[in-house]
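The structure appears right after this line, and notes come after that.
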Amino acid sequence: MEVLNTLGRVRIPFVPEHDGSVGIYVCGPTVQANPHVGHGRSAVAFDVIRRYLMYRGYAVTYVRNITDIDDKIITAANEQGVSIEDVATRAAERFEATQDALGVLRPDIEPRATDHIAEIIDMIGDLIVKDHAYVAGGDVYFAVRSFAHYARLSNRNLDEMLAGARIATGDIKRDPLDFALWKAAKPGEPQWPSPWGPGRPGWHIECSAMARRYLGDTLDIHGGGTDLIFPHHENEIAQSEAVTGRPFAKVWLHNGMVTLSGEKMSKSTGHFVDLATLLADHPPLAIRLFYLRAHYRSNVEFSPDLIADAVASFERLQSFRRRHADMEGTALDAGIVAAFETAMDDDFNTPVALGVLFDAVREGNRLSDEGGEATGVAAAVERILEVLGLIPEATGSDRLDGLAADLEGLAAELGLAPGRGVEETLERVIDHRTEARANKDWSTSDKIRDGLASIGIVIEDGADGVAWHRK
RNA sequence: GGCGACGUGGCCGAGUGGUUAGGCAGAGGUCUGCAAAACCUCGUACCCCGGUUCAAUUCCGGGCGUCGCCUCCA
C-alpha cells in the first residue's frame with residue numbers, strides 16, 4: 001500500500017508505527033454553523049480511508065475532534081443571544097446528522113476542546129519551560145523561530161512570509177509570525193483559570209493536546225483539508241514536536257476542496273451549498289458517490305448537473321443490488337477483489353476503484369441476462385460497496401413506511417379491500433394489475449403503474465415476475 | 001510576489017512512453033403490450049510551442065490558462 005505524504009510530497013509505502021494497528025487523527029469541524037458540502041467531502045474521504053484500512057485488517061483507532069471554543073463560536077453566540085454551549089451543541093448535532101446520512105462511521109473517539117483544557121494547559125506549560133513559548137500580557141505565544149523545522153510541511157520561507165505578513169499595530173508578539181497558545185479572557189467571554197491568568201486556548205493547541213492524549217506522540221495518519229496545511233497543521237507540528245521531540249505524524253493526508261463555479265466553498269464568504277439541504281433532496285449515498293468519483297486529493301466541482309449525474313450512477317448500483325440480492329455465503333470473484341485492492345492500495349484511488357466496480361456490475365448483469373451464474377461477481381460488488389460505504393441502511397429506501405393511506409386509497413379506487421398490512425395492500429394492487437395484463441387490459445394496467453409511480457413506487461415487469469421498489 | 005496542484009472526448013473523471021479506464025448524457029440495436037431495468041454496438045480525447053525518442057497525451061524545457069494556500073476555513 002502506498003500513499004502520497006503531503007510532508008515532502010513523496011509517495012511512500014504505508015507502514016504504521018505499530019504492526020497491525022493504525023492511529024488516525026482527522027481535524028473535525030469548528031462547531032459554529034451548519035455544515036456545507038465541503039465538510040461532507042472531507043468526512044467521506046477519510047471515512048473511506050478508515051474503512052479500507054479496516055478491510056485490510058488493521059485495528060484502526062479513529063479520532064476526530066470537535067473544536068467547540070473559538071472566536072467565531074463566541075461571535076455567533078453573542079449575535080444569537082445564546083450561550084456558546086448552545087451554539088456548539090446545536091451545530092455539532094447537525095454535523096453528526098449529516099455524517100450519519102452520508103454513511104460516515106462514528107469516530108472511535110470524538111474529543112472536544114473544552115473537555116481537554118487541562119491537557120492543553122499542561123502542554124502550554126511544557127512549551128514555556130522548554131523555551132518554545134512565552135507569556136505576554138495574559139496571552140501565551142509560540143515562538144516560531146525557536147522551532148527549526150517550522151513551515152516544513154507547507155514548504156515556506158519564514159523571511160519571505162514576513163515580508164508579506166500583516167503587521168498588526170501594537171502587537172505584543174516578539175515576532176509577527178508567532179501564534180497564540182492561550183488568549184487572555186476578555187469581558188463576557190468564556191474563560192478557564194490558568195497559570196497565566198484566566199483565558200481560553202488558541203486555535204491550534206487543542207488538536208496537539210487531544211491527538212497526543214489519545215494516540216500518543218506519533219500519529220500514523222493525520223488528515224484534514226488542504227486549506228488546513230498552513231497555518232493549522234504547521235502549528236500543530238511545531239507545538240507537538242517542540243514538546244515531544246518526536247515526529248508528530250508519519251503520514252499527512254489532505255483532501256481537496258469542493259468548488260462552486262470554480263471557486264472554493266467557504267462559510268466566511270457565503271459561497272457554499274448547505275449540506276443538510278442537499279442530503280434532504282437526494283439519496284444521501286448518491287452524494288457520497290459524488291465525492292468518491294474524484295480522487296480525494298483533487299478539488300471537485302459542485303453543480304446540480306454533476307449531482308444528477310451521480311444520482312443516475314448511484315441508481316445503476318441500486319438496480320444491480322436489487323437484481324442480485326441474497327449473496328450471503330457466496331465466494332467472492334477473486335479477480336474483481338484483487339483489482340479493487342490494487343486501486344485502493346494506490347493512495348486510495350477511488351475513481352479507479354469505481355471503474356472496477358462498474359466493470360463488475362456490467363459483467364454481473366451480462367451473466368444474469370444470459371442465465372449464467374453471477375453470484376461470485378455480485379458478492380464481490382457487494383463487498384466493494386461495503387468498503388466504500390455505499391450500501392444504504394436497510395430500514396430506509398425499500399420500506400413502505402408512510403404509504404399506507406396512499407396505497408389504501410389506490411386499492412379502494414380499484415374496488416379492492418385493503419390488506420392486513422401495507423405490504424399486503426400493495427400485493428393486492430400489483431396482483432390486480434397482473435390480472436389486467438393477463439387480459440391485455442393495458443389501460444388499467446398502465447393506470448395502476450402510474451398510480452403507484454405517483455406515490456413513489458416503481459414497477460418493473462421482468463421475465464420472472466413483477467418487481468417493485470421505492471423511488 | 002512565494003509555495004503547491006492542475007489543464008484529457010458533450011459533461012465528470014482515472015491513467016499510460018506504443019495495446020478498452022469508468023460514470024453520466026447522446027445515437028442505433030436486442031428484449032418488452034408499452035414502460036423501466038439490462039445487454040450489445042458507436043465517439044480515433046489528451047491546452048500551445050519546442051526538445052528527447054523508432055514512438056509522447058504520458059518524459060524534459062518554455063509559454064498560456066485555471067485552482068488552492070500565504071487571514072478564519074474541510
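Just so it is clear, the values below take in all heavy atoms, side chains as well, and ignore hydrogens, waters and symmetry mates.
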Readout for nucleotides 27-35 of chain B: B = base within 4.0 Å of protein heavy atom, S = sugar-phosphate only, - = neither; 5' to 3' it is ------BBB
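The residue among A:Phe46 and A:Asp305 whose nearest nucleotide of RNA chain B lies closer to the 5′ end is A:Asp305. Along RNA chain B, the nucleotide nearest to A:Leu317 and the one nearest to A:Phe314 differ in position, and the one closer to the 5' end is contacted by A:Phe314.
In the set B:A74, B:G2, B:G13, B:A74 carries the atom at the smallest distance from any side-chain atom of A:Met257. With distances taken from any side-chain atom of A:Cys27 to the nucleotides B:A14, B:A38, B:A74, the minimum falls on B:A74. For A:Phe230, the listed nucleotide lying nearest its side chain is B:C69; candidates were B:C40, B:A14, B:C69. When distances run from any side-chain atom of A:Glu263 to the nucleotides B:C67, B:A38, B:C70, the shortest one goes to B:C67. Side-chain atoms of A:Asp309 lie closest to B:G23 of the nucleotides B:G23, B:C70, B:C72. Taking every side-chain heavy atom of A:Ser268 into account, B:C72 is the closest of B:A38, B:G68, B:C72. Nearest to the side chain of A:Pro351, among B:G68, B:C39, B:A21, sits B:A21. In this structure, of B:C12, B:A14, B:A74, it is B:C12 that holds the atom nearest to the side chain of A:Leu306. Nearest to the side chain of A:Ser313, among B:A38, B:G13, B:G23, sits B:G23. Distances from the side chain of A:Glu160 to the nucleotides B:G2, B:A14, B:G23 place B:G2 closest.
With respect to A:Asp333 and A:Arg383, no salt bridge is recorded, no charged nitrogen being found less than 4.0 Å from a carboxylate O.
The gap from the C1' atom of B:U32 to that of B:G43 amounts to 28 Å, rounded to the nearest Å. Going from the P atom of B:C31 to that of B:A36 covers 16 Å, rounded to whole Å. Of the P atoms belonging to B:C39 and B:C54, the separation is 45 Å, rounded to the nearest Å. Rounded to a whole angstrom, the distance from the C1' atom of B:G9 to that of B:G29 is 23 Å.
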Assess whether salt bridge (Lys or Arg N to Asp or Glu O under 4.0 Å) is satisfied between A:Asp159 and A:Arg145, documenting all intermediate values.
CA-CA 11 Å; A:Asp159 296 314; A:Arg145 303 267 177 186; 3.3 Å; yes
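In this structure, A:Arg64 forms no cation-pi arrangement with A:Tyr25, as its terminal cationic atom is not both closer than 6.0 Å to the ring centre and no more than 45° off the ring axis. With a 6.0 Å cutoff to the six-membered ring centre and a 45° limit on the axis angle, A:Arg41 does not count as a cation-pi contact of A:Tyr291.
OP1 or OP2 of B:A38 lies within a sub-4.0 Å distance of a side-chain N or O belonging to A:Arg316. Look at A:Ser298 and you'll find a side-chain N or O under 4.0 angstrom from OP1 or OP2 of B:A14. For A:Arg362, a side-chain nitrogen or oxygen approaches OP1 or OP2 of B:G22 to under 4.0 Å. Between A:Arg293 and B:A21 there is no side-chain N or O to OP1 or OP2 distance below 4.0 Å.
In this structure, A:His295 places its NE2 atom 14 Å from P of B:A5, rounding to the nearest Å. Between the P atom of B:G2 and the CZ atom of A:Arg156 lies a distance of 13 Å, rounded to the nearest Å. Distance A:Asn255 CG to B:A5 P: 17 Å, rounded to the nearest Å. Distance A:Asp359 CG to B:G22 P: 6 Å, rounded to the nearest Å. Spacing between atom CD1 of A:Ile229 and atom P of B:G2 amounts to 19 Å, rounded to whole angstrom units. Rounded to whole Å, atom C1' of B:C69 lies 16 Å from atom CG of A:Asn157. For A:Asn365 and B:C39, the CG to C1' distance is 8 Å, given to the nearest whole Å. A:Phe358 places its CZ atom 15 Å from the P atom of B:G13, with the value rounded to the nearest Å.
We find the CD-NE2 distance between A:Gln318 and A:His469 to be 9.5 Å, quoted to the nearest 0.5 Å. Atoms CG and CE, on A:Asp227 and A:Met265 in that order, are 13.0 Å from each other to the nearest 0.5 Å.
Sorted by first and then second residue, the pairs that involve residues 353-364 of chain A and meet salt bridge (charged side-chain N to carboxylate O under 4.0 Å, His left out), not counting sequence neighbours, are A:Asp359-A:Arg362, A:Glu363-A:Arg366.
Checked against a 6.0 Å centroid threshold, the rings of A:Tyr150 and A:Phe147 do not count as neighbours.
Note on ring orientation: taking the six-membered ring where Trp is involved, the planes of A:His233 and A:His254 are tilted (angle from 30° to 60°).
Using a 4.0 Å heavy-atom distance criterion, A:Gly38 is classed as a base contact.
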